[in-house]
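Structure record follows, encoded as structure tokens.
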Amino acid sequence: MYLVDHPPWQHRVTTVASEGPPVVVIGPDAGVGKPKKPKKRSRPVANQPAPQPGDGEDEVLEPPPPPLTAADRALEWRGDDVALPAQTIDMAGGGAQARPLDDGEINATINSGAGGVKDCVVTGATGTDLRGTITVKLVVDGHGRVTRSRVQAPHYLFEHGLLGCTQRALGRMHFPATGAATLVTLPVTLG
């Protein structure tokens with residue numbers, strides 16, 4: 001709580017009577033020596049070099065990343081069991097042949113739809129110095145939908161919402177329907 005007896009924007013001036021000429025005393029709250037607010041640094045525009053220290057702009061340092069403990073950095077698995085379900089074989093051969101996804105189908109879907117998963121990892125790790133590979137294992141059913149997933153990542157990322165975000169992003173991915181379940185591994189490099 002503060003007690004204010006005058007507006008802070010006005011200088012407090014006190015005159016002291018003495019035998020000589022008048023003496024003016026400026027109070028300590030008169031705005032002398034107040035720290036300046038740091039200027040914000042503008043982002044560089046394309047094809048324009050970033051300002052260098054000493055270019056006339058005040059340098060604003062970003063805060064250091066939060067200190068992470070060994071427990072924060074420890075890798076752990078969270079999520080669903082990603083074992084493939086038992087498959088049945090049609091011996092009559094009357095239907096279309098069910099097959100797992102091939103590498104080309106997996107890569108095409110991941111290249112076009114894994115951006116959401118990468119965004120989840122980047123969002124969780126923003127402001128930290130975490131590096132490494134986050135591993136996502138998922139089961140794609142015969143209709144091309146992701147039905148189960150499991151994530152290996154540092155504990156810190158799970159505490160910042162990685163699992164839920166990743167599972168929502170995977171739910172938006174659609175693989176080709178092949179009639180058989182496929183186990184897919186998606187590595188995401190952080191760093």
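In what follows, residues are counted from 1 in the order of the sequence shown.
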Taking side chain as C-beta onward, heavy atoms only, is [X] less than 4.5 Å from [Y]?
| X | Y | value |
| --- | --- | --- |
| V146 | V139 | no |
| P85 | R148 | yes |
| S149 | T166 | no |
| V117 | L170 | yes |
| V136 | T185 | no |
| V82 | W77 | no |

Q.
Tell me whether D129 is salt-bridged to R73, with the criterion being a basic N under 4.0 Å from an acidic carboxylate O.
A.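 R73 and D129: salt-bridged.
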Q) Any ion pair linking R150 and E76 (charged N to carboxylate O, less than 4.0 Å)? A)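 Looking at E76 and R150, the cut-off is not met.
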Do [X] side-chain atoms and [Y] backbone N/O form a donor-acceptor pair below 3.5 Å?
| X | Y | value |
| --- | --- | --- |
| E105 | D102 | yes |
| T182 | V140 | no |
| R78 | V151 | no |
| R145 | D141 | no |
| T123 | C120 | no |

[X] side, atom [atom1]; [Y] side, atom [atom2] - distance, nearest 0.5 Å:
| X | Y | atom1 | atom2 | answer |
| --- | --- | --- | --- | --- |
| I106 | L101 | CD1 | CG | 5.0 Å |
| H143 | H174 | NE2 | NE2 | 13.5 Å |
| L130 | D72 | CG | CG | 8.0 Å |

**Q.** Shared hydrophobic cluster, L68 / L162 (ILVMFWY, side-chain heavy atoms < 4.5 Å)
**A.**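 Yes: a chain of side-chain contacts under 4.5 Å links L68 to L162.
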(Q) Please tell me whether L190 and L163 are part of a single hydrophobic cluster in this structure, the criterion being side-chain heavy atoms less than 4.5 Å apart. (A)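 Yes, same cluster.
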Q: Can you establish whether the number of heavy atoms outside N111 located under 6.0 Å from its atom CG is more than 12?
A: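 Yes, enclosed.
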Contact summary for [X] and [Y], nearest pair of heavy atoms:
| X | Y | answer |
| --- | --- | --- |
| P176 | T109 | CD-OG1, 3.7 Å |
| D80 | Q167 | OD2-NE2, 3.8 Å |
| L75 | P154 | CD2-N, 3.6 Å |
| A181 | P100 | O-CB, 4.2 Å |
| A153 | L157 | CB-CD1, 4.2 Å |

